[in-house]
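Each remark here refers to the structure printed beneath this line.
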Amino acid sequence: MTKDVEAAPEQTEFTAKDYSDPPPTPLIDMDELTKWSLYRAVIAEFIATLLFLYITVATVIGYKHQSDPAINADAACSGVGILGIAWAFGGMIFILVYCTAGISGGHINPAVTFGLFLARKVSLIRALLYMIAQCLGAICGVGLIKGFQKAYYDRYGGGANELADGYSKGTGLAAEIIGTFVLVYTVFSATDPKRSARDSHVPVLAPLPIGFAVFMVHLATIPITGTGINPARSFGAAVIYNKDKAWDDQWIFWVGPFIGAAIAAAYHQYVLRAGAVKALGSFRSNA
């Protein structure tokens with residue numbers, strides 16, 4: 001005797017998501033202030049930004065010293081060049097994001113923190129404490145360089161971001177906006193939970209594309225603004241160098257990165273991840 005077994009219909013479409021988006025972070029979470037994890041993360045951001053500024057600004061000053069025609073007869077072929085400076089910035093971001101991602105998220109940049117705050121990835125309290133820690137870390141990092149090599153520091157501009165001669169403020173602002181957009185867009189894409197769930201290697205490799213984004217942006221914008229795309233980096237160098245030109249152009253290195261970060265957050269959340277469409281669909285279903 002045989003039983004007729006009805007074959008189950010072939011499943012041709014998966015309706016359930018194979019990943020889950022974390023819920024939006026509360027705008028103000030006072031409970032965070034009672035947790036050691038917050039202060040540990042703030043300390044990690046401070047130390048990471050300190051190390052970032054120390055290594056990168058030291059590279060800039062070292063290059064300018066090596067390529068100084070008053071000291072080196074073969075100055076045009078000496079030093080690491082713009083390519084080496086870009087590698088220093090991109091490489092340090094890769095290293096530091098890798099080291100701190102599991103503790104603080106590895107922001108190391110107020111613009112990144114601002115973009116993630118707008119996307120409700122971090123609370124307002126955490127965002128403000130991160131930005132303060134990043135700026136203080138940047139000041140201390142550049143301060144160490146001045147303390148160790150004061151003569152070279154003053155002679156070669158202290159690694160401060162300034163708008164280069166021949167470029168308008170509008171051009172400098174646009175360079176900072178676009179450069180920061182590239183960086184923050186990369187951060188969102190590299191840490192997207194959808195990609196992390198479907199490509200197991202993505203979380204491990206996330207610091208790599210972020211570091212490469214910093215590297216590529218520096219290649220494009222060093223000749224224009226010296227490349228900010230990080231308000232803490234520009235602010236820390238300006239505080240220690242403390243010359244009029246650095247302060248006159250300082251607004252560019254805050255306004256540009258914050259606008260670029262906001263555009264990147266909106267583009268990723270509401271266009272690529274269809275946040276606006278999902279919100280509209282939810283509204284209609286509840287109507």
Side-chain angles (χ1 to χ4, degrees), residues 41-64 85-86 88-97 99-100 104-115 127-164 172-173 175-176 179-180 183-184 210-211 214 217-218 221-222 224-258 260-261:
V42 170
I43 293 170
E45 287 292 311
F46 170 82
I47 295 298
T49 314
L50 183 155
L51 295 174
F52 176 61
L53 267 293
Y54 177 79
I55 296 297
T56 54
V57 173
T59 301
V60 171
I61 293 173
Y63 160 67
K64 289 185 176 181
I85 293 173
F89 279 89
M92 279 304 293
I93 286 296
F94 168 70
I95 293 168
L96 295 170
V97 171
C99 292
T100 61
S104 65
H107 297 190
I108 322 170
N109 184 336
V112 171
T113 301
F114 181 66
L128 290 176
L129 290 178
Y130 274 20
M131 291 181 189
I132 293 171
Q134 291 155 359
C135 289
L136 291 177
I139 293 171
C140 292
V142 181
L144 287 176
I145 297 172
K146 184 173 182 178
F148 292 153
Q149 41 183 317
K150 188 176 188 303
Y152 292 160
Y153 179 89
D154 292 333
R155 182 185 305 170
Y156 299 116
N161 285 127
E162 297 176 354
L163 186 65
L173 182 63
E176 290 297 307
T180 311
L183 170 59
V184 178
I210 295 171
V214 172
V217 171
H218 273 75
T221 58
I222 283 177
I224 303 173
T225 61
T227 309
I229 67 170
N230 184 336
R233 177 260 185 271
S234 303
F235 180 72
V239 167
I240 301 300
Y241 187 53
N242 199 27
K243 295 291 191 294
D244 289 343
K245 175 64 172 171
W247 285 119
D248 290 343
D249 296 338
Q250 185 66 198
W251 69 271
I252 295 174
F253 303 104
W254 284 87
V255 175
F258 273 49

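For the atom pair S234 OG and L53 CG, the distance stands at 9.0 Å (nearest 0.5 Å). With rounding to the nearest 0.5 angstrom, the SG atom of C135 is 8.5 Å from the CG atom of N230. To the nearest 0.5 Å, atoms CG (D249) and CZ (F253) are separated by 6.0 Å. Atoms OH and CD, on Y156 and Q149 in that order, are 10.5 Å from each other to the nearest 0.5 Å. Note that the CG atom of D154 and the CD1 atom of I240 stand 11.0 Å from one another [nearest 0.5 Å]. Taking CG from D248 and NZ from K243, the interatomic distance works out to 13.0 Å, rounded to the nearest 0.5 Å.
Scanning all heavy atoms of the two residues, the minimum distance from T227 to R233 falls at O-NE, 3.7 Å. Closest heavy-atom contact between N109 and P231: OD1-CD, 3.4 Å. Taking each heavy atom of E45 and A133 in turn, the nearest pair found is CB-CB, 4.4 Å. Looking at every heavy atom in both residues, A88 comes nearest to T56 through O-CG2, 3.8 Å. Closest approach of G158 to V57, counting heavy atoms only: O-CG1, 3.7 Å. Across all non-hydrogen atoms, the minimal contact from A160 to A246 is CB-CB, 4.1 Å.
Residues Q134 and I108 have side chains not in contact (no heavy-atom distance under 4.5 Å, counting atoms from C-beta outward). Using a 4.5 Å heavy-atom cutoff, the side chains of F94 and I210 are not in contact. Between T100 and I47, the closest side-chain pair of non-hydrogen atoms is not below 4.5 Å. Residues F89 and V60 form a side-chain contact, since some pair of their non-hydrogen atoms from C-beta on lies under 4.5 Å apart. For the pair L163/K245, a side-chain contact is recorded, criterion being any heavy-atom separation below 4.5 Å from C-beta on. Annotation: side chain of I85 is in contact with side chain of Y63 (closest heavy-atom distance under 4.5 Å).
Between F258 and F114, the ring-plane angle classifies as parallel under the 30° and 60° cut-offs.
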Using the side chain to side chain contact (heavy atoms under 4.5 Å, CB included) rule, take I61 and R155 through it: C-alpha gap first, then chi angles, then the decisive distance, then the call. CA-CA 9 Å; I61 293 173; R155 182 185 305 170; over 6 Å; no

For a side chain to side chain contact (heavy atoms under 4.5 Å, CB included) check, start with the C-alpha distance between N242 and W247, then their side-chain angles and the critical distance, and finish with the verdict. CA-CA 7 Å; N242 199 27; W247 285 119; 2.8 Å; yes

Evaluate side chain to side chain contact (heavy atoms under 4.5 Å, CB included) for L183 paired with V217, printing each intermediate quantity in order. CA-CA 8 Å; L183 170 59; V217 171; 5.5 Å; no

Quick one, L144 with L50, criterion side chain to side chain contact (heavy atoms under 4.5 Å, CB included). Give me CA distance, side-chain angles, the key distance, then yes/no. CA-CA 9 Å; L144 287 176; L50 183 155; 3.9 Å; yes

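Of the possible polar contacts, one joining the Y153 side chain to the Y241 backbone as a donor-acceptor pair under 3.5 Å is found. E176 places a side-chain N or O within donor-acceptor distance of the main-chain N or O of G228, the cut-off being under 3.5 Å. A donor-acceptor pair is defined here as one N or O able to donate and one able to accept, closer than 3.5 Å; no such pair exists between the side chain of N161 and the backbone of Q250.
Atom OH of Y152 sits in a sparse spot, with 12 or fewer heavy atoms from other residues, nucleotides or ligands closer than 6.0 Å.
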